[in-house]
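What follows is one structure encoded as structure tokens, with my remarks underneath.
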2 protein chains.
Amino acid sequence: MAESKPLSKPQSARERLLLAAFGLIRSKGFNATSVDDLCAAAGVTKGAFFHHFPSKEALGAAAATHWAAVTAPMFAAAPYHAPADPLERVLAYIDFRAELISGTPAEFSCVAGTLVQEVFATSPTIRAACEAAICGHAATLEADIAAAMAEHGVRDVTAASLALHTQAVLQGAFILAKANDDAAVARDSVAHLRRYITLLFQAKSSGGS
Amino acid sequence: MAESKPLSKPQSARERLLLAAFGLIRSKGFNATSVDDLCAAAGVTKGAFFHHFPSKEALGAAAATHWAAVTAPMFAAAPYHAPADPLERVLAYIDFRAELISGTPAEFSCVAGTLVQEVFATSPTIRAACEAAICGHAATLEADIAAAMAEHGVRDVTAASLALHTQAVLQGAFILAKANDDAAVARDSVAHLRRYITLLFQAKSSGGS
DNA sequence: TGACTTGCACCGACCGGTTGGTATGTTTTC
DNA sequence: GAAAACATACCAACCGGTCGGTGCAAGTCA
């Protein structure tokens with residue numbers, strides 16, 4: 001359980017393959033990425049690949065799971081948890097996500113979202129791993145959202161539904177950025193999401209706490 | 001210019017290929033769809049394919065363009081244009097989009113959005129065609145949004161930005177539906193979009209017209 | 001009218017390269 | 001010294017794309 005590895009340069013071949021998969025899936029997509037591509041990017045031979053993964057599909061599922069495992073501590077350590085007010089924490093999360101959107105789509109887009117779009121109908125295994133990654137991350141927002149809802153008397157929506165909606169907007173923003181070859185439109189959409197949550201919670205908060 | 005063709009069964013090979021591409025791209029994705037797959041689905045031989053399209057990439061770009069051409073008249077004839085009030089027309093559009101989300105993702109998802117996610121980095125041609133399809137559709141909403149903004153005194157956002165945001169939410173909703181293998185989560189996200197627009201326009205309308 | 005030409009739409013066998021995957025051998029680690 | 005962690009060589013299937021050819025409807029000239 002304990003991650004006592006020196007997680008800097010000398011990773012295992014398995015981890016290097018997974019990390020290479022992140023980059024290749026985000027830029028070329030899963031189907032357009034060959035096993036040889038993955039091996040070359042990871043500096044590994046084909047024999048090593050099939051030693052660690054029984055098939056390319058298995059790597060895809062492992063990549064989605066590993067994506068969740070890698071991003072979870074990053075979000076857990078992010079500064080948006082600092083504010084005392086739960087609503088401010090939610091808004092800080094959205095601001096944090098907006099800050100992450102810079103550079104090329106291959107740098108800020110979501111591995112799980114990209115992956116599931118390609119294989120949802122052909123690989124139930126990968127699809128399930130992507131669902132776990134996306135919904136698992138959304139679930140980390142529910143407590144703050146629920147607390148903010150209780151404090152502001154918001155009842156029209158559920159915390160789970162709003163948490164999933166934030167992920168929908170982010171995923172959609174990534175697609176817009178890819179289509180327009182411009183990160184600004186993605187940040188614009190996230191700004192709309194922020195405005196929605198602000199309006200949603202201020203509409204009911206006239207009575208105050 | 002005049003479409004005097006009997007547009008029922010006997011389509012041209014080119015159109016059958018484009019229609020087959022819609023179905024295959026939405027279910028398997030573009031890269032996972034082979035030229036032989038397209039030919040088989042369209043009931044056409046490989047010779048016919050390369051007679052009408054110089055390459056598979058050219059078909060991808062043509063599919064995005066044709067997708068816009070096919071959906072545009074469908075949206076133009078849809079009943080959401082009926083209300084006299086521009087804000088009601090915008091909300092009716094969103095309700096209309098929510099109604100379209102039923103069945104499997106392969107039935108309601110967007111060809112251009114799926115396509116651009118796979119090839120935005122590898123095919124500038126297809127990417128541009130998808131951008132035109134998505135932004136072109138968003139542009140059809142701008143007039144109603146701008147009219148509603150003027151009527152309700154909304155100034156925080158631009159009509160173009162809000163129009164694009166509606167597309168971002170829809171695209172993101174499709175991804176969520178694919179990940180969860182459930183159309184309901186997509187409709188939920190569209191409901192949040194509707195609530196956002198309602199809140200956005202009622203917040204400033206205290207002064208009336 | 002009828003033989004001849006022309007050009008578009010379409011056919012399907014074929015090609016070289018790439019694909020995911022395997023079989024077997026070698027090195028490293030405990 | 002055994003097992004895990006690689007490396008190398010190889011394969012059959014499949015991929016996008018090519019190419020010589022066919023059917024056929026519309027000129028066209030006598």
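On a predicted model such as this, the values are computed, not experimentally measured, just so you know. Chain letters run A, B, ... following the sequence lines, proteins first and then strands; every chain starts at 1.
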**Request:** Classify the side chain of B:Lys46 and the base of D:dG16 as holding, or not holding, a donor-acceptor pair under 3.5 Å.
**Result:** yes

**Asked** Between A:Ser34 and A:Gly47, which has a closest nucleotide on DNA chain C that is more 5'?
**Response** A:Ser34

**Fill in**
B:Phe49 CZ to D:dC19 P, in whole Å, measures 17 Å

**Message:** Measuring from the side chain of B:Thr45 (C-beta onward, heavy atoms only), which nucleotide among C:dC11, C:dG20, D:dA7 has the closest atom?
**Reply:** C:dC11

**Prompt:** Quick check, are the ring centers of B:Phe75 and B:His81 under 6.0 angstrom apart?
**Reply:** no

**Request:** Starting at atom CZ of A:Phe50, determine the distance to atom P of D:dC10, rounded to an integer number of angstrom.
**Result:** 18 Å

**Message:** Main chain of B:Asp144, side chain of B:Arg89: is a donor-acceptor contact present, judged purely on distance under 3.5 Å?
**Reply:** no

**Fill in**
Picking from D:dA7, C:dT22, C:dT19, the nucleotide nearest the side-chain atoms of A:Asp36 would be C:dT19

**Test: A:Lys56 cationic atom under 6.0 Å from A:Phe50 six-membered ring centre, within 45° of axis** = no

**Request:** Provide, to the nearest angstrom, the distance between the CG atom belonging to B:Leu38 and the P atom belonging to C:dC10.
**Result:** 16 Å

**Prompt:** Side-chain N or O of B:His52 less than 4.0 angstrom from OP1 or OP2 on C:dC8?
**Reply:** no

**Distance in angstrom units between A:Arg14 CZ and D:dA4 P, rounded** = 15 Å

**Request:** Calculate the interatomic distance between A:Lys56 atom NZ and C:dT22 atom P; express it in whole Å.
**Result:** 15 Å

**Complete:** To the nearest angstrom, the CD-P distance between A:Glu15 and D:dC6 comes to 12 Å

**Asked** With a 4.5 Å limit on heavy-atom distance, are the side chains of A:Leu141 and A:Tyr93 in contact?
**Response** yes

**Request:** Among the candidates C:dG21, D:dC6, C:dA9, find the nucleotide nearest to the side-chain atoms of B:His51.
**Result:** C:dA9

